[in-house]
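Notes follow once the structure below has been shown.
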Amino acid sequence: MSTQNPTNFNDEDSNTTSNTAFEQVLDSRLSRRSLFKGAGLVGVAAGATALTGCATPMSGGGATLTSLGFKPVAKSLADKVVVPEGYTAQVIYALGDPLTATTPAFKNDGTDAAFEQRAGDHHDGMEWFGLDASGQPSNAFTSRGLLAMNHEATTDEKLSSFFIHPNGGTATLPRPAAEVDKELAIHGLSFVEVQTNGKQWAYKAASPFNRRVTTMTPAAIHGPARGSEHLVTKFSADATSSRGTLNNCGTGKTPWGTFVSGEENWYGYFFRDAKDDDARKKDKQVQALKRYGRKAGEASRHGWESAGADDRFVRWNNSAVAASAKEDYRNEMNTFGYVVEVDAYDTKAPMRKRTGLGRFAHESVAFARPVAGQPIVAYMGDDARGEYIYKFVSEAKWDPKDASGANRLAAGDKYLDKGTLFAARFKGDGTGEWLELSMNNPVLAGSSYFEFKSNADMAIFTRLAADAVGATKMDRPEWNGVHPRTGEVYFTLTNNSNRTAATADAVNPRVYTDMKGSKEQKGNVNGHIVRLADASPAGASFKWDIYVFGAEAGADKSTVNLSNLTDENDMSSPDGLVFSPATGVCWIQTDDGAYTDKTNCMMLAAIPGKQGDGGPRTVKHGDKNVTTFVGKTPTPTTLARFLVGPKGSEITGWCETPDGRAVFINIQHPGESTKMADVNDPSKYESQWPANAGYGAGQRPRSATIVITKNDGGTIGS
Ligand code: FEO
Ligand code: CA
Ligand code: CA
């Protein structure tokens with residue numbers, strides 16, 4: 001979701017802990033000599049460790065690319081998708097497209113209804129689930145499959161999702177029920193069949209595999225929080241179920257072949273009564289609600305709670321209004337913020353909330369390559385300013401037979417319902433440690449910061465647990481991906497307007513001012529990508545460096561453009577990050593508001609080396625010197641701009657056919673800066689994409705999936 005939204009529901013800033021300061025105390029104890037020693041050869045050893053054992057291949061079939069073969073595209077402000085010479089991009093699936101044979105075609109004039117049977121809005125993270133000719137799951141077939149994707153949010157200026165209502169909808173409270181019902185249905189997930197005839201890809205409107213999951217779809221609560229008093233609602237008195245998934249951003253594909261999706265900025269959808277702190281008396285949740293971005297009296301993003309007395313509206317009022325939690329929705333927020341798991345191949349299988357992976361503003365879930373007899377390891381980031389990086393280590397050990405088992409969600413139960421969550425602490429010497437978030441950790445069992453009674457509390461109040469153990473506050477951890485050869489994990493840190501010279505540390509070292517026209521932008525404006533080499537995937541220690549710093553090519557090379565980016569690869573605000581299983585290429589996507597005076601958001605291809613392949617660099621902030629570790633300087637054959645999107649869009653979601661010859665990505669929220677008042681004046685739209693690319697009726701901009709192929713049939717990136 002873009003950083004430009006004036007309503008700021010994606011601009012959470014709730015971490016008031018002093019964890020960074022704590023980190024600086026640690027750093028100051030280290031001599032400069034030990035700082036310089038840290039960045040050495042450890043990445044090689046860690047990578048070698050990750051490669052040993054019988055790793056189960058996830059998929060693959062293309063050849064690993066060792067250098068990029070395309071001519072980088074220039075920055076662009078055009079209202080179109082730009083791809084390199086020799087490549088073609090085609091729109092295949094946009095907001096409102098019918099998912100059943102009987103759903104009417106999308107008119108795109110605000111009168112369309114039945115969004116439970118249409119593509120949702122704001123296409124985001126996406127995964128490929130192959131099908132063979134007879135409709136059975138296949139990791140090899142390349143011409144037919146399911147796209148499983150998130151529909152994160154919707155384009156709003158004030159309350160209303162104005163492009164889906166005839167005259168823009170209602171920007172004041174109360175919201176009409178009919179408008180809210182449409183908005184409840186455009187969020188969630190979709191599963192849609194796509195196929196190619198050898199020349200062109202298309203989605204299949206009548207496929208029996210097509211499925212929508214919305215804010216109203218029942219979910220089963222799994223993992224340590226199942227049955228917790230903090231998840232009791234009027235909908236589920238025994239706290240075993242909930243409704244819906246919301247603001248889903250990044251995704252993942254499990255080693256056992258299911259889809260996982262992270263709930264990100266869900267907090268903004270809830271209203272809290274101004275007197276709710278008093279109504280809850282001394283409930284510890286008052287502290288937790290603040291920590292998760294909802295103070296008493298805060299308004300909700302769309303005002304859904306105002307649409308009437310029906311339960312489907314009332315549930316968005318997260319206030320203690322009745323005598324007990326069984327009679328109201330004071331705990332409804334606690335049923336969001338998880339990773340959900342869905343079996344993409346089974347339209348009847350219920351969605352499961354995997355609470356063991358913690359509750360925060362989830363982005364993607366990247367799995368370390370599974371090794372027989374070893375735990376399953378999943379890496380995750382919490383995207384808000386000053387939040388943390390996490391990993392989950394399963395209790396169960398990997399059995400390769402589960403890679404092709406028939407009951408995929410039972411495998412999910414086995415690996416994701418029992419395990420241990422850790423938060424990352426980065427040290428100034430280029431090492432780090434994983435801090436255990438469980439009742440086994442005496443810091444948490446005896447905490448005076450927050451009352452943790454059980455591992456259910458760790459799962460529900462994860463941010464507070466990470467605060468208490470002293471995890472490192474990061475510059476907005478977004479997506480992450482595991483390098484298929486080295487096993488190292490890459491996290492995008494998209495930007496942080498709150499980073500100051502006082503809080504700059506080795507792993508978040510940059511603080512500067514960048515101009516956008518006459519506007520000053522401060523902090524870590526352009527973001528960076530940190531790289532971790534775990535000593536072993538399930539282990540407690542790691543080495544780190546910064547793979548690349550986002551920057552404008554013309555920015556100062558001693559303070560800002562530390563990776564020497566050039567016109568071929570300069571970028572700002574990396575967000576999506578996925579490694580191709582087929583080619584090994586790392587695809588980096590931006591969700592930027594800082595460099596958008598010069599270019600729309602983009603996707604870059606990268607062939608990174610490994611942790612420690614660069615060296616230490618010292619950045620000066622007045623009298624303060626911060627030493628960090630920067631990866632080897634990229635060149636246009638190892639990092640290059642591959643695509644630029646239409647106006648007002650962010651680039652997100654990435655998956656491919658197993659041969660690496662077709663790549664699917666999402667163009668999210670084109671034209672999102674359009675004024676609601678101009679909804680019926682296309683000449684004033686910020687964007688008319690994809691209509692101006694020849695796709696669909698009307699001129700209102702729509703989020704959409706595109707497929708990219710190479711004209712000579714080659715792998716994408718070659
Ligand atoms: Fe949904 Fe933080 O990007
Ligand atoms: Ca995003
Ligand atoms: Ca600038």
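Atoms within each ligand, like the ligands themselves, are counted from 1 in listed order. Computation of the quantities below employed the complete heavy-atom set of this structure, encompassing side-chain atoms and omitting hydrogens, waters and symmetry-equivalent molecules.
Cation-pi geometry between Lys473 and Tyr388 is not satisfied (NZ or CZ under 6.0 Å from the ring centre, within 45° of the ring normal).
For residue Gln521, no N/O/S atom approaches the Ca ion (ligand 3) to within less than 3.0 Å. The distance from the Ca ion (ligand 3) to the nearest N/O/S atom of Asp597 is not under 3.0 Å.
Considering just the N/O/S atoms of Glu552, the one nearest the Ca ion (ligand 3) carries the name OE2.
Rounded to the nearest 10 degrees, the angle O (Met515) to the Ca ion (ligand 3) to OD1 (Asp514) equals 100°. Draw a line from atom 2 (Fe) of ligand 1 to OE2 of Glu363 and another to OD2 of Asp383, and the angle between them is 100° (to 10°). In this structure, OE1 of Glu478 and OE2 of Glu264 enclose an angle of 150° at atom 2 (Fe) of ligand 1, rounded to 10°. To the nearest 10 degrees, the angle centred on the Ca ion (ligand 2) between OE2 in Glu650 and OD2 in Asp575 reads 90°.
With salt bridges taken as basic N to acidic carboxylate O contacts below 4.0 Å, none links Asp121 and Arg702. Using a 4.0 Å cut-off between charged side-chain N and carboxylate O, Glu387 and Arg463 make a salt bridge.
The six-membered or imidazole ring of His669 lies near that of His122, with a centre-to-centre distance under 6.0 Å. Between Tyr203 and Tyr93, the ring centre distance stays below 6.0 Å.
Relative ring orientation between Tyr292 and Trp266 is described as tilted, the plane-to-plane angle lying within the 30° to 60° band.
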